[in-house]
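In this chain, residues are counted from 1 in sequence order. Note that this is a predicted model, so its numbers are computed, not measured. Counting convention: from 1, in listed order, for ligands and their atoms alike.
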Amino acid sequence: MIVTLTANPSLDRTVEIPGELSRGTVIRASRSVADPGGKGVNIARALSVSGVEAVAVLPGDDGDPVLAGLAEADVRYANLSTGYPIRTNVTIAEPDGTTTKINAPGEPFDAVAQQELTRLLIQEAKGCSWLVLAGSLPPGVPSDYYAVVSRAVREGLGEDAPRMAVDTSGAALRDTLNGQDGLPNLIKPNSEELAELVGRPGDWEVLENDPELTARTARELVERGVESVLATLGAKGAVLVTAEGAWHAQHAPIRARSTVGAGDCSLAGYLLAHEGGKSPQDCLVQAVAHGSAAASLPGTQVPTLAQTTPEAVTVEELA
Ligand SMILES: O=P(O)(O)OC[C@@]1(O)O[C@H](CO)[C@@H](O)[C@@H]1O
């Protein structure tokens, strides 16, 4: 079983417009849908829809549309009541696949609530194989929260502590890796996050177009003690670096409808293959297949395993 934590979940409202986005005008949308969201929530949705047991842990009140959406989609969740609605994030999707995203900050989440969420997580994480800590942190939560949570889970569960994956950005990612008590087993940065993490934020575009440089950069983190780095590169696929080697995988060209959540689905694809005992290369291939399938679906819809096309992914070993 895989447990995900989304400290700052969202209701993802996707508005599809019939032409190019034009600022300062009234635009009549052709379609508007809302899905439960936030990175850990998306990962749990993508795993569940493919038959992998997953639980999404998140703050949110019973009856909130996000929790109702999860229940309707048969995704297991454990929620911590907060007394306020989950934030709404808006995506404007243009016909050529360009998306503009506006993310709300979320409500302040105080120290007592943080401790309660950590306790709930430890309870849910008993016996699971992976714990995924994902997404931004709401206001009031210190940037080392994921390091604090990882330590609490390791102390609370001892030898039964699960493997840990982290998918976040900025200070939250930096401070997770600066934690004193053990690094995550897996991180999934995109090129911007990776560039920022190694202190060269201006390099992100170069990384996105250069898998070999991405691998060399990700290796710096493996040398610091992270077991595996899965770096997603948008249309250029993804790079996986472990102590054993480095690989790049890319899907045949697709028509992208919405890339929002594609990175989350990549991580879900990786975990799904890992749960099935697959090799690092095959985990990478499934990550790329899942990410591409997600990008070809509208809004933040997650693909089933059957909708993914790993046979259209090419993989090469990097020096
Ligand atoms: O504001 P955060 O937590 O960084 O990101 C939240 C979010 O953009 O991430 C998901 C896509 O990855 C969406 O479901 C959600 O709206």
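- For N42 (side chain) and D264 (main-chain N/O), no donor-acceptor pair under 3.5 Å exists by modelled atom type.
- Side-chain atoms of R87 come within 3.5 Å of backbone N or O of N8 as a donor-acceptor pair.
- V166 and I122 fall within a single hydrophobic cluster, where Ile, Leu, Val, Met, Phe, Trp and Tyr side chains are chained together by heavy-atom contacts under 4.5 Å.
- A donor atom on one side chain and an acceptor atom on the other are found under 3.5 Å apart for N79 and D62.
- Within a 6.0 Å sphere centred on CD of E72, heavy atoms belonging to other residues, nucleotides or ligands number 12 at most.
- Checking E275 against S129 by side-chain atom types alone, a donor-acceptor pair falls below 3.5 Å.
- Around ligand 1 you find S10, D12, G37, G38, K39, N42, R87, N89, K101, N103, G135, S136, G261, D264, each with a heavy-atom distance below 4.0 Å.
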